[in-house]
Amino acid sequence: INTSDVEQQLAGKRVLITAGPTREPLDPVRYLTNRSSGKMGYAIAEAAAAMGAEVVLVSGPTQLSVSDHIKRVDIETAEQMLSAVTSEVENCDIFIAAAAVADYRLKEVATKKMKKQGSGLHLELEQNPDILATTSIANPDLFTVGFAAETNDVIEYATGKLKRKQLNMIVANQVGINKGFDKDSNQVDILTADGEHITLPEMNKKQLAFDILDIICQTYHKEKP
Ligand code: CTP
Ligand code: CA
């Protein structure tokens with residue numbers, strides 16, 4: 001992708017993106033997390049910047065780096081991601097939630113390293129806040145885009161999330177062993193609040209980022225001409 005001749009479709013727009021996994025501590029040396037690499041969210045951040053947007057990337061721990069002109073805010077837990085998003089969202093036009101947020105955190109994080117007890121271990125978990133739903137519902141003028149990674153009934157679950165979280169658009173993909181998470185390519189279906197359904201072919205995540213943003217721009221400009 002030659003970024004020098006990318007159309008500046010997002011010039012003057014502020015785009016907020018979440019990416020990567022979150023990390024939920026058990027004790028000072030252990031945590032719960034997932035297989036997200038952050039590649040999709042980082043690719044979207046770079047593509048949005050290439051299209052002229054001012055980009056803020058709220059990121060969980062990843063092995064990736066971003067260009068200097070992207071503002072990156074590093075967090076670890078879902079609660080930290082929510083507070084970073086809440087303080088960055090003001091004056092943003094578009095919010096794209098590509099992060100794989102841990103659904104649960106430890107009810108009580110041990111302050112000292114946990115010791116083996118010679119038997120099984122029960123951990124009590126509680127649900128994390130839904131960053132996307134909270135942000136979308138609190139900012140009705142914000143154009144919100146979610147991701148839905150599902151192993152089965154992909155379109156049905158994605159449609160449910162589009163409605164429940166009051167999104168403008170959701171990017172749905174099938175995940176499984178060697179599919180979706182932690183890969184360089186992805187195949188997605190895009191569903192919009194006004195009932196459009198676009199099936200994209202499998203492609204490299206960097207190319208896919210531009211295709212997703214093209215569709216976001218078209219839908220955004222249709223709603224806000
Ligand atoms: N999401 C979020 N905060 C959470 C959970 C999810 O912002 N606590 C966002 C993700 O970034 C993604 C979308 O919501 O854009 C859907 O995430 P997903 O895990 O597929 O949906 P959940 O609502 O968590 O439902 P479930 O995992 O039970 O399928
Ligand atoms: Ca989830």
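Computed from a predicted model, the values in this text were never measured in an experiment. Just so you know, ligand 1 is whichever comes first in the structure, and atom 1 is the first atom listed for that ligand. Index from 1, following the sequence.
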_Sub-4.0 Å heavy-atom contact, A133 with ligand 1_ = no
*Does a side-chain N-to-carboxylate-O contact under 4.0 Å join E54 and R14?*
yes
*Taking only Lys NZ, Arg NE, NH1 and NH2, and the carboxylate oxygens of Asp or Glu, determine whether E24 and R105 approach each other closer than 4.0 Å.*
no
*Are the side chain of N168 and the backbone of T144 linked by a donor-acceptor contact shorter than 3.5 Å?*
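The answer is yes, because a donor-acceptor pair under 3.5 Å joins these two groups.
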*Taking F147 as the fixed residue, which of I44, I170, L132 is the one that meets the side-chain contact (heavy atoms from CB on, under 4.5 Å) rule?*
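When side-chain contact (heavy atoms from CB on, under 4.5 Å) is applied between F147 and each of I44, I170, L132, only I44 qualifies.
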*Got more than 12 heavy atoms from elsewhere within 6.0 Å of OH, Y31?*
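Incorrect, the count does not exceed 12.
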_Are there over 12 heavy-atom neighbours, none belonging to N152, within less than 6.0 Å of that residue's CG?_
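Counting neighbours around CG of N152, more than 12 heavy atoms of other residues, nucleotides or ligands fall under 6.0 Å, so yes.
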Looking at ligand 1, does any of its N/O atoms fall within less than 3.5 Å of an N/O of [X]?
X: D103; value: yes
X: A148; value: no
X: V101; value: no
X: G146; value: no

Modelled atom types, side-chain donor and acceptor of [X] and [Y], under 3.5 Å:
X: Q166; Y: S136; answer: no
X: S67; Y: E46; answer: yes
X: Y42; Y: S59; answer: yes

*Nearest to atom 25 (O) of ligand 1 by heavy atom, M81, K161, R105, Q127: which?*
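Checking each option, the heavy atom nearest atom 25 (O) of ligand 1 is found in K161.
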*Counting heavy atoms only, which of F147, F95, Y157 is nearest atom 16 (C) of ligand 1?*
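Among F147, F95, Y157, the closest heavy atom to atom 16 (C) of ligand 1 comes from F147.
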What is the nearest protein non-hydrogen atom to [atom], stated with its residue, atom name and distance?
atom: atom 3 (N) of ligand 1; answer: I131 N, 3.0 Å
atom: atom 15 (O) of ligand 1; answer: A97 O, 2.7 Å
atom: atom 22 (P) of ligand 1; answer: K165 NZ, 3.7 Å
atom: atom 7 (O) of ligand 1; answer: L132 N, 2.8 Å
atom: atom 11 (O) of ligand 1; answer: A99 O, 2.7 Å

*Atom indices of ligand 1 within 4.0 angstrom of P129 heavy atoms, with elements*: 3 (N), 4 (C), 8 (N)
